[in-house]
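Reviewing the structure listed below.
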Amino acid sequence: MITIKSEEEIALMRESCRIARDTLDYVGKNIRAGMTTKEVDELVYKYITSCGAVPSELGYEGYPASSCVSVNEVVVHGIPSDRVILDGDIVSVDIVAEKNGFHGDAARTYLIGNVSEEKRKLVKVTEECFFKAIEGLQAGVPLYNIGNAVQTHAEANGYGVVRALTGHGIGRSMHEDPAVPNYGKRGTGMRLRAGMTICIEPMINMGTFKVCMKNSDGWTVVTADGKPAAHYENTVLIKEDGVEILTL
């Protein structure tokens, strides 16, 4: 069921989304080669809780950490571990913060040290895909215009667009309707309504769009060909005349 948020609810969401944004800014200032992905997760837990919020991912369906930390070929849902982040890696960090009963969700992919131009371009284009997706976005626009914009830009650059995972609605629950794919036919899908809050999150692979589960841990999703992937996400409020990016 799709929920339309009231002004009061949107105000509460702005707070949780601000915390998510600031947490990722904090991670960006501190992440470096030589750290483990578990140490990155500790940064996330420390910052979110210092804001009087809760890391929504911790314990979600048994998930054991406060964030998803995904390195290179890991697309999403990398479980923080003793894996050491190396010079030249790209690392996506996906977090959700909950405060006052509402969630804010965002992800960024960080460049660690001397990153190849090939990987830099992937991260840049993935972020561009998000901003392409919100161009002209407002109440009344068909949902699949979002995915079409992401797909068009990514594939024009020779990349694969993940189909097995999507963005989603968000509010009192971390995952709400509707699903927000990163591909689709322009002009199709439900019409967006003012007051909807959704997560738009391009997940773009350097090679094939195909992904698979790693080591059967039930969480870690990797590219099928082992090539790098990037992830960029914001929580977005749909308005009558445009959008508000709540986590930016």
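Keep in mind it's a predicted model, so treat the numbers as computed, not measured.
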Do the charged groups of Lys29 and Asp25 touch, with an N to O distance under 4.0 Å? no
As an exercise, state the distance from CG of Leu192 to CD1 of Ile238, rounded to the nearest 0.5 Å. 5.0 Å
For the student: nearest non-hydrogen atoms of Ala179 and Pro181, plus distance: O-CD, 3.4 Å
Do Glu73 and Arg83 sit within salt-bridge range, that is, some charged N less than 4.0 Å from a carboxylate O? yes
Hydrophobic clustering (ILVMFWY, side-chain heavy atoms < 4.5 Å, transitive) - are Ile134 and Met196 grouped together? yes
How would you list all residue pairs meeting side chain to side chain donor-acceptor pair (under 3.5 Å) that involve residues 235-245, not counting sequence neighbours? Arg14-Glu244
Is Met35 linked to Val44 within one hydrophobic cluster, defined over Ile, Leu, Val, Met, Phe, Trp and Tyr using a side-chain heavy-atom separation of less than 4.5 Å? yes
Do Ile112 and Leu86 have side-chain heavy atoms sitting under 4.5 Å apart? no
State whether Glu176 and Lys5 are salt-bridged, where the test is any N-O pair (Lys NZ or Arg NE/NH1/NH2 against Asp/Glu carboxylate O) under 4.0 Å. yes
Look at the side-chain heavy atoms of Ile, Leu, Val, Met, Phe, Trp and Tyr, link any pair under 4.5 Å apart, and say whether Leu58 and Ile95 land in one connected group. no
Compare all side-chain heavy atoms of Asn182 with those of Val162 and state whether any distance is below 4.5 angstrom. no
Please tell me if the side chains of Ile245 and Phe130 come closer than 4.5 Å, counting only heavy atoms from C-beta onward. yes
Answer whether the closest heavy-atom distance between the side chains of Val161 and Arg163 falls below 4.5 Å. yes
Scan Pro64, Ser70, Cys68 and name whichever one has a side chain to side chain contact (heavy atoms under 4.5 Å, CB included) with Ile79. Pro64
Whether Trp219 and Tyr60 hold their rings parallel, tilted or perpendicular, with breakpoints at 30° and 60°: tilted
Evaluate side-chain hydrogen bond (donor to acceptor under 3.5 Å, both in side chains) for Asn234 paired with Thr247, printing each intermediate quantity in order. CA-CA 6 Å; Asn234 283 304; Thr247 47; 2.8 Å; yes
Is the number of heavy atoms from other residues, nucleotides or ligands under 6.0 Å of Lys132 NZ greater than 12? no
Per side chain to side chain contact (heavy atoms under 4.5 Å, CB included), Ile85 is matched among Ile90, Thr37, Asn72 by Thr37
Would a hydrophobic clustering, with Ile, Leu, Val, Met, Phe, Trp and Tyr connected at side-chain separations under 4.5 Å, put Val236 with Ile146? yes
Side-chain H-bond candidate by donor/acceptor type, His168 with Asp177, under 3.5 Å: no
Side chains of His103 and Ser16: donor-acceptor distance under 3.5 Å anywhere? no
Glu233 with Arg108: basic N within carboxylate O range, under 4.0 Å: no
Using the salt bridge (Lys or Arg N to Asp or Glu O under 4.0 Å) rule, collect all pairs that involve residues 87-102, keeping only residues at least two apart or in two chains. Glu15-Lys99
Any non-hydrogen side-chain atom of Thr220 less than 4.5 Å from a side-chain atom of His77? no
Would you mind checking if Glu117 and Lys121 are paired as a salt bridge, meaning a charged N to carboxylate O distance below 4.0 Å? no
Using a 6.0 Å cut-off, check whether atom CZ of Arg193 has over 12 heavy atoms from anything other than its own residue. no
Tell me whether Tyr26 at atom OH has more than 12 heavy atoms from other residues, nucleotides or ligands lying less than 6.0 Å away. yes
Hydrophobic clusters here meaning ILVMFWY residues chained together by side-chain heavy-atom distances under 4.5 Å, can you tell me if Leu246 and Val243 are in one? no
Short side-chain donor-acceptor distance under 3.5 Å, Asp41 and Ser67: yes
